[in-house]
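Structure first, then comments.
Letters go in sequence order (proteins before strands), and every chain restarts at 1. Everything numeric in this text was worked out from a predicted model, so none of it was measured.
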There are 2 protein chains.
Amino acid sequence: MGDDGSGTSSGGRTAATRRRGAELEAELLDAAWAELAEVGYARLTMEGVAARAHTGKQVLYRRWPNRAALVVAAMRDNVGSIADRVPDTGGLRGDVLAVLAAMVDRQRSIGNNTLHGLMAEAADLDTHAFTIMGDVMASVLRRAAARGEIPTAELPPRVTTVAVDLLRNELLFTREPLTDRTLTEIVDDVFLPLVRGEAHT
Amino acid sequence: MGDDGSGTSSGGRTAATRRRGAELEAELLDAAWAELAEVGYARLTMEGVAARAHTGKQVLYRRWPNRAALVVAAMRDNVGSIADRVPDTGGLRGDVLAVLAAMVDRQRSIGNNTLHGLMAEAADLDTHAFTIMGDVMASVLRRAAARGEIPTAELPPRVTTVAVDLLRNELLFTREPLTDRTLTEIVDDVFLPLVRGEAHT
DNA sequence: GCCTTTAGAGACGCAACGTCTCTTGCTGTC
DNA sequence: GACAGCAAGAGACGTTGCGTCTCTAAAGGC
């Protein structure tokens, strides 16, 4: 079949250049992320991502075994971990609210259909992401104890993670967008009474 | 194809008889439930359910618009609601543990891959099922207050539902089967301190 | 400057979806 | 007791997306 080799990209990009290695991979992940934002996880297809990245499916499959893995990689690449900047507002209440707000933010940028889809497909996905939030809370609590704001940071693990657990529940099962009210309720009605050793009056 | 009409159930059923109405529907739901147990939600197909029920796909689509709706109907048909028998053990701690144990049971019979799958596909699924657990807890708490076991049943809504919310979180994100330990931690470390107005010591 | 790797493109077979069509048994009505 | 109409049972059909495979030619290593 006679290819008109010299023709520079009928469609709009220089076909003469060919990406490789890290550069290519970054563009693949960007394409996946863009596709995710545009059509959502349920309707994201390998074909769609490949087309958007102006490449073939094989290039994707060479790197990730399936849709779920690709999307997880795209998320990791585009969304920073909360553990990287543990908030420090100077007070326990502010710190915890900041942690929760960061979770809300991160989840808003991912979209909860995506999370549901991933949990269904990539079963073994991400226990890691959950334990991390426990570490963040532990660190926030240690600082509060050091300031003398609470009697001790040695709390039952359930108590340590109660705020993030409740928020996660809310994020995944509530359809309407979260209000700040929800965050303050979690902190003021449940979390703080428990860690201060004074339940609600 | 000559059917040997008189043969009662060569392969196991009389092809000469044709089911209708409620009888048929019940068998369709049973088939869906059996299929769910056997291959799991991810690999449950309309074709598979139809074949198991010895019928055609159209019979299914006439009743339910898609997989998710069919499975939800099958679940409703096969799994009783916890609200039907609110436990009454004579004490608050026992009641709450019984509610949680019932949730664990129900969820074990459904399987959490199924839940993940449904949440991904039937987005608007089941806000109802969640509010119901809140009602159950409210009723348990009212009885405890009437017995004088706790100062008041007028608690912030977050506190009322904290135990079921935490358990739901655990059920959906933990891969290994839950231990009783988890249940008692939720109740003793979080729930009871909050409702008794005495946080952990 | 040859040789290996792999990007880019798309064909292929498979599985399941959801729709449509067809025949034929069941049921309510006159 | 005949007849009309509804829907069961069965499967063909077009479509979509998966994951694999094949092929050519561009990059880069040595």
Side-chain angles (χ1 to χ4, degrees), chain A residues 1-32 35-36 39-71 117 120-122, chain B residues 1-6 9-32 35-36 39-71 117 120-122:
Chain A
M1 46 174 79
D3 65 293
D4 62 332
S6 66
T8 57
S9 82
S10 61
R13 87 180 271 104
T14 343
T17 203
R18 196 175 267 189
R19 302 157 292 175
R20 298 195 129 233
E23 180 205 353
L24 174 58
E25 188 151 329
E27 289 187 37
L28 297 176
L29 291 173
D30 284 352
E35 199 74 1
L36 196 57
V39 307
Y41 183 74
R43 287 193 295 173
L44 175 144
T45 69
M46 294 302 251
E47 257 124 355
V49 174
R52 183 185 284 266
H54 304 283
T55 186
K57 286 192 285 182
Q58 191 64 41
V59 172
L60 297 176
Y61 281 108
R62 215 184 319 267
R63 291 172 172 72
W64 302 279
N66 51 50
R67 228 163 51 123
L70 167 59
V71 170
E121 270 176 48
Chain B
M1 48 169 77
D3 67 290
D4 61 332
S6 67
S9 80
S10 64
R13 74 179 295 106
T14 341
T17 201
R18 196 175 267 189
R19 302 157 292 176
R20 300 194 127 233
E23 180 204 354
L24 173 59
E25 188 150 329
E27 289 187 39
L28 297 177
L29 292 173
D30 284 352
E35 199 74 1
L36 196 58
V39 306
Y41 183 74
R43 287 193 296 174
L44 176 143
T45 70
M46 293 304 251
E47 257 124 355
V49 174
R52 183 185 283 266
H54 304 282
T55 184
K57 286 191 285 182
Q58 191 62 223
V59 173
L60 297 175
Y61 281 108
R62 217 186 314 272
R63 291 172 171 74
W64 303 280
N66 52 50
R67 229 163 51 124
L70 167 59
V71 170
E121 272 175 46

Heavy atoms from C-beta onward define the side chain here; which of [options] lies closest to that of [X]?
X        : options                   : value
Thr45(A) : dG18(C), dA10(D), dG17(D) : dG17(D)
Arg20(A) : dA16(C), dG28(D), dG8(C)  : dG28(D)
Lys57(A) : dA11(C), dA8(D), dC17(C)  : dA11(C)
Thr17(A) : dA27(D), dT19(C), dC18(D) : dA27(D)

Using atom [atom1] of [X] as one end and atom [atom2] of [N] as the other, report the distance to the nearest whole Å.
X        : N       : atom1 : atom2 : result
Arg63(A) : dT5(C)  : CZ    : C1'   : 12 Å
Gln58(B) : dC17(C) : CD    : P     : 14 Å
Glu23(B) : dG9(D)  : CD    : P     : 9 Å
Leu24(B) : dT27(C) : CG    : P     : 12 Å
Tyr61(A) : dG17(D) : OH    : P     : 12 Å
Asn66(B) : dT19(C) : CG    : P     : 10 Å
Leu60(B) : dT19(C) : CG    : P     : 13 Å
Leu70(A) : dG17(D) : CG    : C1'   : 15 Å

Mapping Glu47(B) and Leu28(B) onto DNA chain D by nearest heavy atom, which one lands closer to the 5' end?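 The 5'-side residue here is Leu28(B).
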State whether the distance check finds a donor on one side and an acceptor on the other, under 3.5 Å, for side chain Arg18(A) versus base dA25(D).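 For Arg18(A), whose side chain was compared with the base of dA25(D), there is a donor-acceptor pair (under 3.5 Å).
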How close do Trp64(A) and Leu29(A) get, heavy atom to heavy atom, and via which atoms?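 Heavy atoms of Trp64(A) and Leu29(A) come nearest at CZ2-CD2, 3.5 Å.
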Mark yes when over 12 heavy atoms from residues, nucleotides or ligands other than Arg63(A) sit less than 6.0 Å from its CZ; otherwise mark no.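 Yes, because the 6.0 Å sphere around CZ of Arg63(A) holds more than 12 heavy atoms from other groups.
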Between Arg19(B) and dG25(C), does any side-chain N or O lie under 4.0 Å from OP1 or OP2?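 For dG25(C), OP1/OP2 do not have a side-chain N/O of Arg19(B) under 4.0 Å.
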OP1 or OP2 of dA8(D) under 4.0 Å from side-chain N/O of Arg62(B):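 For Arg62(B), the contact criterion (side-chain N or O under 4.0 Å from OP1 or OP2 of dA8(D)) is met.
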Is a side-chain N or O of Arg52(B) found less than 3.5 angstrom from the main chain of Glu47(B), in a donor-acceptor match?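 Looks like no, no N/O pair under 3.5 Å.
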To the nearest 0.5 angstrom, please state how far the CE atom of Met46(A) sits from the CG atom of Leu44(A).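 Interatomic distance, Met46(A) CE to Leu44(A) CG, rounded to 0.5 Å: 8.5 Å.
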State, yes or no, whether a side-chain contact exists between Leu28(B) and Val49(B) at a heavy-atom distance under 4.5 Å.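 Leu28(B) vs Val49(B): side chains apart.
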